[in-house]
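Data block below; observations after.
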Amino acid sequence: MELNPTAIGSIIKDEVLSFLFSPHVDEAGRVLQVGDGIVRVIGLSDAMSGELLQFENGSVGIAMNLEEDNIGVVLLGSGTGLGEGSFVTRTGRVAQMPVGDALLGRVVNALGQPLDQKGLVMVQDFRPIERVAPGVLARQKVDVPLLTGIKAIDAMVPIGRGQRQLIIGDRQTGKTAIALDTILNQRDKDVYCVYVAIGQKNSTVAGIVNTLTEYDALRYTTLVVASASENAPMLYLAPYSGMAIAEHWMEQGKDVLIVLDDLSKHAVAYRTMSLLLRRPPGREAYPGDVFYLHSRLLERAGRLSEQYGGGSITALPIIETQGGDMSAYIPTNVISITDGQIYLETESFNAGIRPAVNPGLSVSRVGGAAQVPAMKKIAAPIRVELAQYRELSSFAQFSSDLDKDTQKRLRHGERIVEILKQSQYAPMSLEHEILILFAMTRHCLDDIKVEDVLDFQQQLIEHFGVWHGGLVDEIRETQDLTPQLEEQLLKAINEFKASYLA
Ligand code: ATP
Ligand code: MG
C-alpha cells in the first residue's frame with residue numbers, strides 16, 4: 001500500500017493529539033484510502049469483525065478485514081465526501097435488522113429500510129443479521145409437509161417444513177415460478193413467507209410484488225430486495241437479513257418459508273467484495289470461505305423442537321447454472337449443503353414440459369418422511385415409470401413395430417408427462433393432486449388422448465366438486481386411501497370417464 005508522507009505526518013500528529021486529549025483513543029480512526037466501495041481505516045485497533053463503523057459523511061460501513069495495521073471496511077452507503085484523513089468512529093454494534101409482524105406485506109432493503117410507498121416500518125424488535133444456527137438438541141425431525149401445490153414436486157420431490165430444498169437450473173427455466181407458486185400455495189396455511197431478491201432487475205421484483213398482491217399473498221409475505229443496481233455489500237447482506245426476519249417468527253413457534261433468489265448472484269457479490277478487499281482468490285476466483293458463506297446461512301433453517309416452540313424455517317435457495325453444469329463450484333457447494341434439489345432442464349422447458357423438473361436428477365432427502373400417506377402410496381411408482389418411459393421413448397424412435405407391453409408403457413408414460421404439466425399461478429390443493437394422480441396411476445387416463453389429458457383433469461375435478469364432494473372431503477380429512485375409498489374413487493372416475501369419452 002502506498003502512503004503519502006504528508007498524510008502519514010498528519011495522521012501521526014492526530015494520533016498523538018488524540019492520545020493526549022481523548023480517553024477513548026480507539027473509538028475514532030482515520031480513513032487511509034477509499035475507492036470502489038472499500039475503505040481502509042487506521043486507528044480502530046479494537047474494532048470487531050462485522051462491526052458497523054460510522055463515517056464522517058453519514059455513511060455506514062462494515063469492518064470485514066482486521067489486519068495488523070489497518071482494517072478493510074465495506075461501505076453500505078456512498079463514498080462521496082470521504083477522502084484520506086476523514087473521521088471514522090466505532091459504533092460497538094453489528095448490523096441489525098428490524099423484525100416482526102409489521103414487516104408483513106412490506107418491501108424492504110437489506111437494512112430494513114422500506115422500498116415501497118407505505119411509510120416507515122413500525123417495529124420494536126431488532127435482531128443481528130448474523131447469528132449462530134440452532135444446535136442439534138434444539139431441533140426435531142422434519143415430518144410436516146410444506147405443500148407447493150405443484151403436482152410434480154409434491155409427488156416426486158416432496159418438501160417438509162424445516163427442509164432446505166435447492167431449486168437449480170439454467171436461466172429462464174422457471175426457477176422463480178416454482179418458488180412463487182409455493183408462496184401462493186401457503187395462503188391460509190399459517191405459513192409466513194420471506195422472499196429475498198438478490199441482484200435482480202427492479203422491474204422483475206415489481207412484477208413479483210404485483211403477482212403477490214393480485215393473488216392475495218402479499219399480506220403474509222415480506223420481500224427483502226437488493227437489486228442489481230445496488231452495491232455488492234447490500235447484495236451480500238440481503239439473505240442474512242431475510243433469515244433474521246424468518247428466525248424471529250420461527251422462535252415464536254411459526255412456520256416460515258424463505259426463498260433466496262438467487263445465491264449465485266450472492267456468491268458473485270461476495271467475490272467482488274473479497275477481491276476488492278484483496279483476500280486471496282481461490283477456485284473460479286471465489287474466496288476460500290464461499291462455502292462457509294452459504295452453509296452458515298442455510299444452517300439457520302430447520303425445525304425447532306417443541307421445547308423451543310416447534311417453529312420452522314423452510315429454505316428454498318435458488319442457483320442458476322451455466323449450460324446445465326451442475327458440477328461447477330457454487331452449484332456443488334450448495335447441493336451439498338441442502339437436503340435435496342429440484343433440477344430444471346432447458347430442453348424440457350422449451351419442449352413445453354413445465355415445470356421442467358428432471359425426475360432423475362431431482363431428489364428430496366428428507367421430504368419423504370413428511371409426505372401424507374395417501375400421496376406416498378400413489379407417488380411411489382411415478383418416478384420409476386417416468387424414468388422407464390424416458391429410456392423407452394429414446395430407443396422407440398428407432399424401431400417401427402413395438403410389442404404390446406412397450407406400447408402400453410409408452411402410452412402410460414406420455415400421460416404421466418402430460419399430467420405433471422402445470423401452468424403458473426395455479427397451485428392445486430392436496431386432495432385434487434391426490435385425486436388426479438390416483439386416476440393416473442390406476443391407468444384411468446391411458447385411453448384419453450394426450451392432448452385432452454389436462455382438460456380431462458379440469459373436468460374431473462369440477463365433476464367431483466359437484467357430485468362427489470364427500471369423497472374429496474374424505475381424502476382431505478383422512479389424508480389416506482383406504483381400500484374402500486380407493487374402490488369408490490375408481491368407480492366414480494370410471495363413470496365420469498365413460499360420459500367424458502361419449
Ligand atoms: P431467470 O433465470 O431469469 O431468473 P427463472 O429460471 O427464474 O429465470 P422464470 O422467470 O420463473 O424463470 O420463468 C421464465 C419464464 O417462463 C417466465 O416468463 C414464466 O412466466 C414462464 N414460466 C415459468 N413456469 C411456467 C409454467 N409452469 N407454465 C408456463 N410458463 C411458465
Ligand atoms: Mg428467476
Side-chain angles (χ1 to χ4, degrees), residues 148-159 165-182 184-185 259 261-262 264 316-328 331-332 334-335 338 340-364 367 378-398 406 409-428 433 436-437 440-441 445-446 448-458:
T148 61
I150 300 171
K151 282 169 287 183
I153 295 174
D154 290 342
M156 295 193 297
V157 268
I159 302 173
Q165 183 79 359
L166 171 66
I167 303 175
I168 184 166
D170 279 4
R171 49 179 294 278
Q172 292 287 304
T173 48
K175 302 184 295 297
T176 306
I178 287 182
L180 212 51
D181 277 344
T182 309
L184 298 189
N185 197 44
V259 176
D261 193 0
D262 63 58
S264 319
L316 294 180
I318 295 181
I319 286 280
E320 183 183 306
T321 49
Q322 309 288 332
D325 183 12
M326 278 223 281
S327 57
T332 45
V334 183
I335 285 174
T338 48
Q341 72 270 353
I342 297 170
Y343 181 68
L344 303 174
E345 281 178 319
T346 315
E347 300 87 69
S348 305
F349 188 84
N350 292 341
I353 302 172
R354 301 176 186 181
V357 179
N358 175 315
L361 294 174
S362 305
V363 289
S364 171
I378 50 175
I382 296 182
R383 274 181 94 110
V384 182
E385 286 172 349
L386 201 52
Q388 282 175 347
Y389 164 69
R390 287 186 150 218
E391 210 163 285
L392 276 180
S393 65
S394 57
F395 86 81
Q397 292 171 342
F398 304 108
T406 312
R409 280 170 198 272
L410 284 174
R411 189 156 1 101
H412 188 56
E414 281 169 10
R415 274 34 176 213
I416 302 181
V417 171
E418 196 63 22
I419 207 70
L420 292 181
K421 287 184 186 170
Q422 196 165 337
S423 54
Q424 253 184 305
Y425 317 132
M428 275 171 93
E433 286 181 343
I436 192 68
L437 291 176
M440 191 269 297
T441 46
L445 306 181
D446 289 3
I448 308 272
K449 276 196 241 142
V450 175
E451 57 272 26
D452 289 342
V453 163
L454 289 176
D455 176 60
F456 179 83
Q457 161 186 298
Q458 175 73 22

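Computed from a prediction, not measured in an experiment: that's the story for all the values here. Residue numbers count from 1 along this sequence.
Residues Val157 and Arg383 are in side-chain contact: their nearest non-hydrogen atoms beyond the backbone lie under 4.5 Å apart. Contact of the Ser393 side chain with the Leu410 side chain is registered, since non-hydrogen atoms from C-beta on lie closer than 4.5 Å. In this structure, His412 and Met440 have side chains that are in contact, with non-hydrogen atoms separated by less than 4.5 Å.
The two residues Asp170 and Gly324 come nearest to each other via the heavy atoms OD1-N, 2.7 Å. Residues Tyr343 and Met326 come closest through the heavy atom pair CE1-CG, 3.4 Å. Nearest heavy-atom pair, Ala379 versus Ala155, reported as atom, atom and distance to 0.1 Å: CB-O, 3.3 Å.
A donor-acceptor pair shorter than 3.5 Å cannot be found between the side chains of Thr148 and Asn185.
Met428 CE to Ile150 CD1: the interatomic distance, rounded to the nearest 0.5 Å, is 11.5 Å. Distance check: Arg354 CZ to Gln422 CD gives 14.0 Å after rounding to the nearest 0.5 Å.
At most 12 non-hydrogen atoms from other residues, nucleotides or ligands lie less than 6.0 angstrom from CD of Glu391.
A donor-acceptor pair under 3.5 Å is absent between the side-chain atoms of Thr338 and the main chain of Gln165, judged by distance alone. Between the side chain of Asp181 and the backbone N or O of Tyr425 there is at least one donor-acceptor pair closer than 3.5 Å.
A salt bridge between Lys421 and Glu418 is present, with a side-chain N of the basic residue lying under 4.0 Å from a carboxylate O of the acidic one.
Residues passing the salt bridge (Lys or Arg N to Asp or Glu O under 4.0 Å) test with Arg390, sequence neighbours excluded: Glu345.
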